[in-house]
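Note that the structure is a prediction, hence the values are computed from the model and not measured. Per chain, numbering begins at 1; letters A, B, ... match sequence-line order.
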Amino acid sequence: MEFTAQQIADFLGGEIQGNPSVKVHTFSKIEEGKAGTLSFLSNPKYNHYIYESKASIILVNTDFQAEKEVKATIIRVEDAYQALALLMTMVEKANPKKVGVSTLAFVSPTAIIGENVYIAPFSYIGDKVIIGNNSMLHPHTCIQDGVQLGENVVLFSGVTIYNNCVIGNNCILHSGVVIGSDGFGFAPTEDGSYKKIPQMGIVEIEDNVEIGSNTTIDRATLGSTYIRKGVKLDNLIQIGHNVEIGTNTVIASQSGISGSTKLGKQCIIAGQVGLAGHILIADGTILGAQAGVPNSIKIPDQAFQGTPAIPVSNFRRSTVVYKNLPELQKTIFELQKQIKELEIRINSIS
Amino acid sequence: MEFTAQQIADFLGGEIQGNPSVKVHTFSKIEEGKAGTLSFLSNPKYNHYIYESKASIILVNTDFQAEKEVKATIIRVEDAYQALALLMTMVEKANPKKVGVSTLAFVSPTAIIGENVYIAPFSYIGDKVIIGNNSMLHPHTCIQDGVQLGENVVLFSGVTIYNNCVIGNNCILHSGVVIGSDGFGFAPTEDGSYKKIPQMGIVEIEDNVEIGSNTTIDRATLGSTYIRKGVKLDNLIQIGHNVEIGTNTVIASQSGISGSTKLGKQCIIAGQVGLAGHILIADGTILGAQAGVPNSIKIPDQAFQGTPAIPVSNFRRSTVVYKNLPELQKTIFELQKQIKELEIRINSIS
Amino acid sequence: MEFTAQQIADFLGGEIQGNPSVKVHTFSKIEEGKAGTLSFLSNPKYNHYIYESKASIILVNTDFQAEKEVKATIIRVEDAYQALALLMTMVEKANPKKVGVSTLAFVSPTAIIGENVYIAPFSYIGDKVIIGNNSMLHPHTCIQDGVQLGENVVLFSGVTIYNNCVIGNNCILHSGVVIGSDGFGFAPTEDGSYKKIPQMGIVEIEDNVEIGSNTTIDRATLGSTYIRKGVKLDNLIQIGHNVEIGTNTVIASQSGISGSTKLGKQCIIAGQVGLAGHILIADGTILGAQAGVPNSIKIPDQAFQGTPAIPVSNFRRSTVVYKNLPELQKTIFELQKQIKELEIRINSIS
C-alpha cells in the first residue's frame, strides 16, 4: 500500500509543507530515514536529524521551527507522536489476522470457544475454559481448567494461566507471562522447616490491560489479586498474592509489588522499584527508578525515590551531599580541631 | 462439601463462640466474607473487619478480645492462620488429581515413569529420564536427557530442566522455571571477545523445595549447584552457577545470588537483594529488601540492609540522617562561619 | 574416554610434576576431587584445597608455589582456567549432537530449513522462517513468521522469537528467552487511559551472542533493537525497545536497560544495574552491582556505582561515611553546643 503526503495530511488534519504528491509505503526512524518512508519528530533531542533525514515525509508538531532547509515533505500536526501511532495502528489493523483452531492444539471438549478465535499448534485449553470472540492464542499457551478469557485477547507464545483466573477484554499478554501461580505463603514450624499455605484464590485482570514478557502475577491466598482496567505492566515484573493495581497505573520493567499491597489509580512506577507488603499507595503516586517503599503513601500525586523512598526533591539534594560525604566528614574533623584550638586560646585569655 | 462450626471446632480442637450448627462450604477473606464461608483473623491490622464481616465462621487466635459484638460464629484456636492452612490443605487434598500419560506427550522409550504419574499433552521427556511415583507434569514441561525427578513432584507448565539435573521428592516448580541452564562463564581473549567456558556440572535440588515462576537456577561449571532441603524460592530469582542455598532458607522475589556463593541454613532473604559471588553467608542471616552484599557474613543470626549491606539498626539510623543531609550540610557551613567569627573576636580580644 | 597426564600435558603444552601415566576420565572441582578426575586451581582463594584434593590430575598456573606436598599429578600451564576450558570444550564437542526434524514439530511449508538442523518435538516454525545449517531448536521453541536464524544457533526449550527478528551465527539462547516482544510504548490520553503505540520494528542479534534464561529483549518501535557481535547477557535481563548493546559488552543477571539507550563496546555491567532511557554509555564503562545510571557517561573506561551512579572510588568512600552518619550527626550537634559555650565565654570576657 502506498499513500501520498496529501492523503496522509487530509486523514490527520495536518498542514503540508513541501511536495504533496510524494509517496510512502512504510515507516522509519528519523535518523535512519529512507526514500519512500514516513518518519516523525517529537523529542527536541532529535531535532538535528531532520535536516539530514532521507525520509520522504516527516510528521512534526505544529510548533516545530526549522533552522535550516528540510528536504523531506513536512506534515504539521498537533502531536506528531500520537499521529504516528494512529497511522501505525491503521497499518497494523490492515494486516491479515490468523484465525481457526489448529488440529495440533489440545482443546478440552468442555471448553467454550468464541467466534473468529485463533488457537495455535501446541496450545493447551483445559476443562470448562471460556474464550471470547476474536481472541488469539499463539503456540504453547497453557490455559488451565476454569479460566475465562474475554474478547479480543492476545496471548503470545508460552503464556500460562493457572486454573480459574479471569482475563478481561482487549488484554495483551506477552510471551512467558505467568498468571495465577501460587503466592509465596509459608508458615514456619518448630523444626525450622516451612509449611505451605494453600493458595486458593485467583487473579482477576480487567479490560485493556497489557502485560510484558516473563512478568509473573501470583494468585491470592483467598479472594483475588486484582489488575484493574487499563493497567500497563512492562517485562519481568513480580506482582505478589492479594495485590491490587489500580486503574491506568503503569509499572516499568523489573519492579516488584509484595503481597497484599494496594496501588491506587494513575500511578507511575519506574523500573526496578520494590514495594513492601500490606501497604497502601495513594492515587497518582510517582516512584523513581530503584525506589524501595517500606510504608504506605497517603497523600496522592507525590513523587518519591530512594531506599527507603523519600520525596524526590529531597532525594536529589541528598544524593548531591552523599557524593560529597568524604569531603564533608573532613570538614567536620577540621571544625573539631579549630574549636579545640579556640578553646585553648580562650582558656589562656580568661 | 459442607461442614458445621461444631465439626470444624472438633477437628481443630478449638472453642466455639456463637451458633455451632452454622454451615460453611468454602473460604473467604475477612473483608470479603459472605454467608456460607469460613474466614480467619490473624494480623491485628485487620481486627476492625471482624465486626462487619458477613462470613459465617471466623477463626481467631485464643487471645483475641472482641471490642464489639461479632455476628459470625467464632472458633478460637491457638494459631488461626495455621488452622486455616490445615483446613485449606485438607480441601486441596480432597480435589481429584489428574493421572496418566497423555498420548500427545513425547516420552522417550528409555525413560522410566513411576506409578500414578500425570504427564500432560505437549510434555517432552528425554532419554533415560526417571520420574518418581505420583509426580505431575503439566503441559509444555521439558525434561531433558538423564534428569531424575523424585516422588510427588509437581512441575507446572513450561518448566524446563536441562540434562542430568536431579530433583528430590515433594518439590513444586512453578511455570517458567528453568533449572540447569548454563552458568555465566566466559574467559576474556586478547581481541576483546569472550570465550565460553563449558558448563559441565548439574543442579541438585533436595526434598521439599518450592520454586516460584520464572526463577532460573544455573548448572555448575563442575560439580553441582545445590538447593538444600526445604528451601523456598519466590518468583524471578536468579541463582548462579555453583551456588549453594542452605536448608530451609527462604528467598523473596527478584533476588539474585552470584556464582559460587554459599548461603547457610534458615536464612531469610527479602526481595530484590543481590549477593556478590564467591562469598559465604552465615546460618540464620536476615537480609532486608534491596540489600547488596559484597562480602562474606560470618556471624550467624544477624540482620543487614543497604548497599553495601550494614547492620539493619545502623542502616535505619543512617537513612534518617541521609534524609536530613541537605540540612546537615547547611548546619556545617553555618558552624564554619560561626567559628570564623569567633576567631575574629578572639583575635580582637587577645 | 581416558587420557593420561602425559597426553594432556602434551596437548596443552604444559609441564608435568608427578606421575605422567595417571589416567582421568572426567572433571571435578578441586574441593570435590576424586580419583580418575582432572581438576584445576586458578583462584588463589582455593589454594588450600590442593593439598587435600583427591583429584588425579590438577592444572595449575605456572607461578603456583606449593607450600606442602601435593598428592595429585600437577600440570603447569600459563592459564589453568583457560586450559580447563579448552579441555572441556573438546569433550563437549565429542558428544553426539541431535539432528533431524521431529514429526511432532510444526514446520510451515514456506520455512527454509538448512542442513543438519535439529528441530525437536513441539517446536513451532512459522511462515517464511529461515534456519541456518547445524542449528538446534529444543522442544517448545516458537519461531514466528519471517524470522531468520543463522548457522550453529542453539535455542533451548521455550525460546520465543517474534516475527521478522534476525539472529546471527553461533548464537545460544537459553530457555525462556523472549526476543521481539512489544516495547513498552504508550501515549497518555485525556481520560487518563493509555493508548498503545504499535511496535513495528524488530530485534537484530549479531554473531556469537549468548543470552541467559528468561531474559527479554523488546522489538523497536521503528527500526531495530541491536545486540552487537559477541555480547553476553546473563539471566533475567531486560533490554528495552530501540536499545543498542555494543560489541563484546557483558551484562550480569537482572540488569535492565531502558528504551533507546546505547551502550558502547566492551562494557562490563554487573548484576541488578538499571539504566535510564535515551542515554549513551561510553565504550569500556564498568558499572558496579545495583548501580542506577540516570545520565549519559561520556568518558570511556571509567567505573561507577551507586544510585545515582558516581565514580566507584567516590562511592566506596561515601559508603564508609554513610555507615558513620549517625555518629557524624552527633558530632555536629556537639560542635554546635561547644560553639555556643565558647560564644558565651567570649561574651563574658569581652
Side-chain angles (χ1 to χ4, degrees), chain A residues 106 122 124 140 142 144 158 160 162 176 178 181-182 184-187 192-198 200-201 214 216 218 220-223 236 238 240 242 254 256 258 272 274 276 278 290 292 294 306-308 310 314 317-318 320-322 324-325 328 331-332 335 338-339 342 345-346 348-349, chain B residues 27-29 32 39 43 45 81-82 84-85 88-89 91-92 102 104 120-122 138-140 156-158 172 174-176 208 210 212-214 229-230 232 234-236 247-248 250 252-254 265-266 271-272 289-290 306 319 322-323 325-326 328-329 332 335-336 339 342-343 346 349-350:
Chain A
F106 172 90
F122 316 128
Y124 174 93
H140 313 119
C142 175
Q144 294 282 16
T160 287
Y162 282 54
V178 179
S181 47
D182 285 352
F184 199 60
F186 300 93
S193 69
Y194 289 85
K195 208 170 170 170
K196 182 175 177 67
I197 310 291
M200 307 195 77
N214 286 346
T216 61
D218 283 346
T221 310
L222 292 173
L236 291 166
Q238 151 71 357
N242 286 101
Q254 296 178 320
S258 304
Q272 297 183 337
H278 295 274
Q290 298 185 327
T307 302
I310 56 180
N314 189 161
R317 284 181 290 127
S318 286
V320 172
V321 185
Y322 179 83
N324 295 333
L325 276 182
L328 213 60
T331 305
I332 293 166
L335 291 180
Q338 292 172 16
I339 289 179
L342 286 183
R345 289 185 59 190
I346 294 182
S348 74
I349 295 173
Chain B
F27 303 95
S28 68
K29 286 165 72 181
E32 298 174 349
S39 194
N43 185 337
K45 261 193 182 181
Y81 191 48
Q82 292 252 20
L84 175 85
M88 291 200 298
T89 304
V91 168
E92 210 184 42
S102 168
L104 296 177
F122 315 128
H138 286 280
H140 313 119
F156 283 94
S157 67
I172 301 174
H174 284 281
S175 284
N208 308 324
E210 182 159 347
S213 38
N214 286 345
K229 229 170 145 171
K232 309 296 179 190
D234 201 350
N235 300 350
L236 291 166
T247 304
N248 293 333
V250 295
S253 178
Q254 296 177 321
K265 300 173 191 178
Q266 304 283 153
Q272 297 183 338
Q290 299 185 328
T319 61
Y322 179 82
K323 196 178 163 180
L325 276 182
L328 214 59
Q329 191 180 38
I332 293 167
L335 290 179
Q336 280 186 310
I339 289 178
L342 286 183
E343 252 185 329
I346 293 182
I349 295 174
S350 58

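Annotation: side chain of A:Tyr162 is in contact with side chain of B:Ser175 (closest heavy-atom distance under 4.5 Å). You'll find the side chain of B:His174 stays beyond 4.5 Å of the side chain of A:Val178, heavy atoms only. Side-chain contact between B:Ile346 and A:Leu342 is present, with heavy atoms from C-beta onward closer than 4.5 Å. Residues B:Phe156 and A:Thr160 fail the side-chain proximity criterion, which asks for heavy atoms closer than 4.5 Å. Inter-residue side-chain proximity for B:Gln329 and A:Val320 is flagged as unmet; no heavy-atom pair is nearer than 4.5 Å.
Side-chain atoms of B:Asn214 do not come within 3.5 Å of backbone N or O of A:Leu236 as any donor-acceptor pair. For B:Gln82 (side chain) and A:Ala187 (main-chain N/O), no donor-acceptor pair under 3.5 Å exists by modelled atom type. When atom types are taken as modelled, the side chain of B:Gln266 and the backbone of A:Gly192 share a donor-acceptor pair closer than 3.5 angstrom. Formation of a donor-acceptor pair under 3.5 Å by the B:Lys45 side chain with backbone atoms of A:His278 is found in this model. With hydrogens and angles disregarded, no donor-acceptor distance shorter than 3.5 Å links the side chain of A:Ser193 to the backbone of B:Gly230.
Heavy-atom minimum distance, A:Gly223 versus B:Glu32: CA-OE1, 3.8 Å. B:Gln290 approaches A:Gly274 most closely through the heavy-atom pair NE2-N, 3.6 Å. Of all the heavy atoms in B:Ala252 and A:Phe184, the pair that sits closest is CA-CE2, 4.3 Å. Heavy atoms only, all atoms of each residue included: A:Cys142 and B:Pro139 are closest at SG-CG, 3.9 Å. Between B:Gln272 and A:Gly256 the shortest heavy-atom distance is NE2-N, 3.6 Å. Residues B:Ser253 and A:Gln238 share a closest heavy-atom pair of OG-CG, 2.9 Å.
Between B:Phe122 and A:Tyr124, the ring center distance fails the sub-6.0 Å criterion.
Only the side chain of A:Gln144 comes within less than 4.5 Å of a heavy atom in chain B; its backbone stays farther off. Only the backbone of B:Ser28 comes within less than 4.5 Å of a heavy atom in chain A; its side chain stays farther off. For B:Glu343, the parts lying under 4.5 angstrom from a heavy atom of chain A are both the backbone and the side chain. Only the side chain of B:Ile172 comes within less than 4.5 Å of a heavy atom in chain A; its backbone stays farther off.
The choice from B:Val91, B:Thr319, B:Asp234 that makes the most heavy-atom pairs within less than 4.5 Å of chain A is B:Asp234. Between chain B and the options A:Asn242, A:Thr221, A:Leu325, A:Asn324, the largest number of non-hydrogen pairs under 4.5 Å is found for A:Asn242.
To the nearest 0.5 angstrom, B:Lys232 atom NZ is 5.0 Å from A:Phe186 atom CZ. Put simply, CD1 on B:Ile339 and CD on A:Gln338 are 5.5 Å apart, with the number rounded to the nearest 0.5 Å. A distance of 8.5 Å separates CG of B:Leu335 from CD1 of A:Ile332, quoted to the nearest 0.5 Å. A distance of 12.5 Å separates NZ of A:Lys195 from CG of B:Asn208, quoted to the nearest 0.5 Å. How far CE of B:Met88 is from CG of A:Leu222: 5.0 Å, rounded to the nearest 0.5 Å. If you take NE2 on A:His140 and OG on B:Ser157, they are separated by 11.5 Å, rounding to the nearest 0.5 Å.
For the salt bridge (Lys or Arg N to Asp or Glu O under 4.0 Å) test, residues two or more places apart in sequence or in another chain that qualify with A:Lys196 are A:Asp182, B:Glu210.
Taking a 6.0 Å sphere around NZ of B:Lys265, one finds it holds 12 or fewer heavy atoms contributed by other residues, nucleotides or ligands.
Here the rule is side chain to side chain contact (heavy atoms under 4.5 Å, CB included) with B:Tyr322, and of A:Asn314, A:Thr307, A:Ile310 only A:Ile310 fits it.
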